[in-house]
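Encoded as structure tokens, the structure appears first; notes follow it.
The residues of the chain are indexed from 1 along the displayed sequence.
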Amino acid sequence: MSRLVKNEVPYLLWTIKRDVIDYHSLNCDQMLNHYGKTASFTTKIGLCVNMRSLPWYVQANPDSFFPRCYGLCTESEKQEFLDDFRRTAASSILKWVVSQQHCSGSQPHGRGEAGGPGSGHRKVPENAESKLMGLSGQLVDTACKVCQAYLGRLEHEDIDVSEDTSEDLTEDEWKDLTEQYYSLIHGDAFISNSRNHLSQCQALLNKITSVNPQTEIDGLRNIWIIKPAAKSRGRDIVCMNRVEEILELVAADHLPAKDNKWVVQKYIETPLLIYDTKFDIRQWFLVTDWNPLTIWFYKESYLRFSTQRFSLENLDSAIHLCNNSIQKHLKNDKDRSPLLPYHNMWTSTRFREYLQKRGRGTVWASVIYPSMKRAITNTMRVAQDHVEPRKNSFELYGADFILGRDFQPWLIEINSSPTMHASTPVTAQLCAQVQEDTIKVVVDRKVDRNCDIGNFELLWRQPAVELPPFHGSDLCVEGVSVKRTKKHMPPISNVTFSSSLLNIQPLKVRCPSAMPRPALGPPQMALQQDLKVKDAKVLACTLPVPIKRAAERSCKVQSANAESGGRTELPTCHFQHIDSKTPKTGLTKAESHRHSEANSLSVHPLLSVLPRVKTVEGALFQPPKPPGNSAAACACPSPGAARCASHRARRGPVAQAAGAS
């Protein structure tokens, strides 16, 4: 089938990789399923950087739907991440104190549908004092001090405080706090008399929760996920909970700052679980125009489950990454619930049925679905100025979300060219359906605005911005025009004229060569004479200026000679290039016989008045000279050079002057 259309011009191009086609060379009526310069939201580092600019475009907080993220290839970003890790460790100490009080009053929740508190920490046993290392209450006081300083910076209380007088911890104090935190969270130590700090810790946590919407997902273990900045399908992604190991991993590459290879993002430690198993949601959306921004949201999505039961004790990627490209190489855990599908996928319809059975049927329509739509809209509005818009193009994207225990969706990443492979029965149905519905939106809707668009719905269409009316202004430009100077011909100083020619008075008559002679008789003779006159004019126009002027003067001399009874000949020029080897006289035998007459000139007038002329182009012209001591060079009937001299003496004053020059 492809050979049938290989010579046809395609009007719809659908490719997996954008670089396969040079979209700049496409015609305006050719459709392409990609846009240019989309790395601002389709790469991890691009999404990380651009989300910080969200408040400049939309009145929304990116921390409410996108886990905080840092690039680890600049020193400033590393320091910000280090400060965040230490601050999260301090707040986790407060959470540990509060959770111990809750656990002492009731049994911990199991790791069920909402990933209860039991999944993030353990209760200290009664005989802990005999087995675990006891930590003093000073650790709690230091953690409270760090949290209070954090809240003060959010309220800009540190503006008028100099760095010397600030009460920040020193590096040694930070190191000591971090080591005690590791021992506490990993179950190697406990805090004695933690109940004495319960009210203070609870009050500080409430304040932090009111200003930081990510307090719930932070958990206790301070786990961060490290990702390559520009890779997809879960490649080289690891989870870590020790800051020194994270910085060592980044420092081992020795990459320049511009490469931005690694991105670190806060891991969601309290995800919503289904049968004790983690999952994420793949949600499609379609962009058909960037100016004005037009987004279509797909009503159907699908869930991807992990093959292993969820646990924070093990940071293996098989547990915490739900990408199908990773899970398809693993076998389902034997301890996993049999109620989960063997192919590890659900449709969103099946997920809504599950919520309905749990008595939370309204959560999808009231919380999950509208929150995902807001997250996509806000992200695209930030990226709008970075994308290269092209009319008659479109692109289908795949966004990945993870739900928290409160059913709040968190945007993890956005993929260009999402997989359309029918790897499971779920993707076999939905991927084919979304491709067909995409064609309906981008092709059918151009002809019929009311056509069927499948499961797509218009999510956002940017309102048209009315341009202000244009009023022409009376503008005036003043200045002096700049003209290129004309190239003047250099004066010719080596041209000399004979005194007899300079004394001749100009005659107020037209050149005989340009006047018709009545003696020619019939009209045919007059026509021939006109042709000769035109040839003479053309020749005179092609000559350099000095030669042309000399020719005019010679023409006047011939006119005077013609009035005295001599015959007038049309002026012809005979020149020899200096590079020519053999001189040419340009005279036929008949002309040589004419020059032997007493009343005519033996040499052409131009040869006598122009000895040597150098043109502007640099070519040197000189008149041909007759060979010396050659009888053939003279038409004199007397042989010998002496006879030629005597012959020249009989020509008259004009000929002598010409010969002297």
Check: Taking the side chain as C-beta and beyond, is there a heavy-atom pair between Ile268 and Pro67 under 4.5 Å?
Finding: yes
Margin query: When you compare the side chains of Arg374 and Thr377, does any donor N or O come within less than 3.5 Å of an acceptor on the partner?
Written below: no
Next item on the list: Please say which of Thr288, Asn455, Thr438, Val442 ends up in a side chain to side chain contact (heavy atoms under 4.5 Å, CB included) with Trp296.
Entry: Thr288
Next item on the list: Using a 4.5 Å cut-off on heavy atoms from C-beta on, say whether the side chain of Arg336 contacts that of Tyr275.
Entry: no
Next item on the list: For atom NZ of Lys331, decide whether the heavy atoms of other residues, nucleotides or ligands shown that lie under 6.0 angstrom number more than 12.
Entry: no
Margin query: Is it true that Ser301 and Arg282 share a donor-acceptor pair across their side chains at a distance under 3.5 Å?
Written below: no
Item checked: Sidechain N-carboxylate O distance under 4.0 Å for Asp84, Lys266 -> no
Note to self: If the threshold is 4.0 Å, N to carboxylate O, is there a salt bridge linking Glu457 and Lys299?
What the structure shows: no
Next item on the list: Using a strict cut-off of less than 4.0 Å between a Lys/Arg side-chain nitrogen and an Asp/Glu carboxylate oxygen, indicate whether Arg242 and Glu248 qualify as a salt bridge.
Entry: no
Next item on the list: Give the minimum heavy-atom separation between Arg18 and Tyr35, together with the two atoms involved.
Entry: CD-O, 2.8 Å
Notebook entry, point to check: Does a side chain donor of either Thr88 or Ser91 reach within less than 3.5 Å of an acceptor in the other side chain?
Noted result: no
Next item on the list: Rounded to the nearest 0.5 Å, what's the gap from CD on Gln79 to CD on Glu75? Could you check?
Entry: 9.0 Å
Item checked: Trp346, Phe351, Phe310 screened by ring-ring contact (aromatic ring centres under 6.0 Å, His included) with Phe279, the one that passes -> Phe351
Next item on the list: Please tell me if the side chains of Asn241 and Trp224 come closer than 4.5 Å, counting only heavy atoms from C-beta onward.
Entry: no
Note to self: Is the shortest side-chain heavy-atom distance between Tyr302 and Thr349 below 4.5 Å?
What the structure shows: no
Checklist line | Distance, nearest 0.5 Å, that separates OG1 of Thr215 from NZ of Lys207 | finding: 14.0 Å
Note to self: Any donor-acceptor pair under 3.5 Å linking the side-chain atoms of Thr209 with those of Glu216?
What the structure shows: no
Checklist line | Atom pair OH/CD of Tyr354 and Gln356 - distance to nearest 0.5 Å | finding: 13.0 Å
Check: Side-chain contact, heavy-atom cut-off 4.5 Å: Gln429 with Thr424?
Finding: no
Check: Can you name the nearest heavy-atom pair linking Ser416 to Thr42, along with the distance?
Finding: CB-CG2, 3.9 Å
Item checked: Test side-chain contact (heavy atoms from CB on, under 4.5 Å) applied to Phe401 and Ile368, step by step -> CA-CA 10 Å; Phe401 289 91; Ile368 301 176; over 6 Å; no
Item checked: Pairing residues for Leu4 by the side chain to side chain contact (heavy atoms under 4.5 Å, CB included) criterion, not counting sequence neighbours -> none
Note to self: So, taking the atom named CG in Asp280 and the one named CD1 in Ile412, what distance separates them when rounded to the nearest 0.5 Å?
What the structure shows: 8.0 Å
Checklist line | Neighbour count >12 (heavy atoms, 6.0 Å) for atom CD1, Ile16 | finding: no
Notebook entry, point to check: Looking at Tyr397, Trp460, Tyr369, which one forms a ring-ring contact (aromatic ring centres under 6.0 Å, His included) with Phe297?
Noted result: Tyr369
Check: Does a side-chain heavy-atom distance below 4.5 Å link Asp452 with Lys440?
Finding: yes
Checklist line | Any Gln265 side-chain heavy atom under 4.5 Å of Tyr70 side chain | finding: no
Check: Charged N to carboxylate O below 4.0 Å: is that the case for Glu77 and Arg52?
Finding: yes
Margin query: One thing to verify: whether Asp335 and Arg309 come together as a salt bridge, which I'm taking to mean a side-chain N less than 4.0 angstrom from a carboxylate O.
Written below: no
Notebook entry, point to check: So, Trp290 versus Phe394, ring centres under 6.0 angstrom or not?
Noted result: no
Item checked: Basic-acidic side-chain contact under 4.0 Å: Asp63, Arg68 -> no
Notebook entry, point to check: Between Cys147 and Ile208, is any pair of side-chain heavy atoms under 4.5 Å apart?
Noted result: yes
Check: At what distance, to the nearest 0.5 angstrom, does CG of Leu396 lie from NE2 of His34?
Finding: 10.0 Å
Note to self: Could you go through Leu315 and Leu312, starting from their C-alpha distance and side-chain angles, then the distance that decides it, and tell me whether this counts as side-chain contact (heavy atoms from CB on, under 4.5 Å)?
What the structure shows: CA-CA 6 Å; Leu315 299 183; Leu312 294 178; 5.5 Å; no
Check: Taking everything shown except Gln59 itself, do over 12 heavy atoms lie less than 6.0 Å from its CD?
Finding: no
Check: Hey, mind stepping through Trp262 and Ile226 against side-chain contact (heavy atoms from CB on, under 4.5 Å) and telling me if it holds?
Finding: CA-CA 7 Å; Trp262 294 105; Ile226 297 89; 3.4 Å; yes
Margin query: Under 3.5 Å, is there a donor on one side chain and an acceptor on the other for Tyr57 and Gln384?
Written below: no
Checklist line | Tyr267: partners by ring pair (Phe, Tyr, Trp, His ring centres under 6.0 Å), with sequence neighbours left out | finding: His320
Notebook entry, point to check: Which residues satisfy the side chain to side chain donor-acceptor pair (under 3.5 Å) test with Arg153, sequence neighbours excluded?
Noted result: none
Checklist line | Rounded distance (nearest 0.5 Å) linking atom CD of Glu413 with atom SG of Cys69 | finding: 11.0 Å
Check: So, does Asn415 use its side chain to make a donor-acceptor pair with the main chain of Gly398 at under 3.5 Å?
Finding: yes
Check: Which of these passes side chain to side chain donor-acceptor pair (under 3.5 Å) with Asn344: Thr277, Asn332, Thr307?
Finding: Asn332
Notebook entry, point to check: For Gln283, does its backbone N or O pair with a side-chain atom of Glu300 as donor and acceptor, under 3.5 Å?
Noted result: no
Item checked: His156, NE2: over 12 other non-hydrogen atoms inside 6.0 angstrom -> no
Check: Knowing that exactly one of Glu80, Arg86, Lys78 qualifies, which makes a side chain to side chain contact (heavy atoms under 4.5 Å, CB included) with Leu82?
Finding: Arg86
Check: Under 3.5 Å, is there a donor-acceptor pair between the Arg350 and Thr347 side chains?
Finding: no
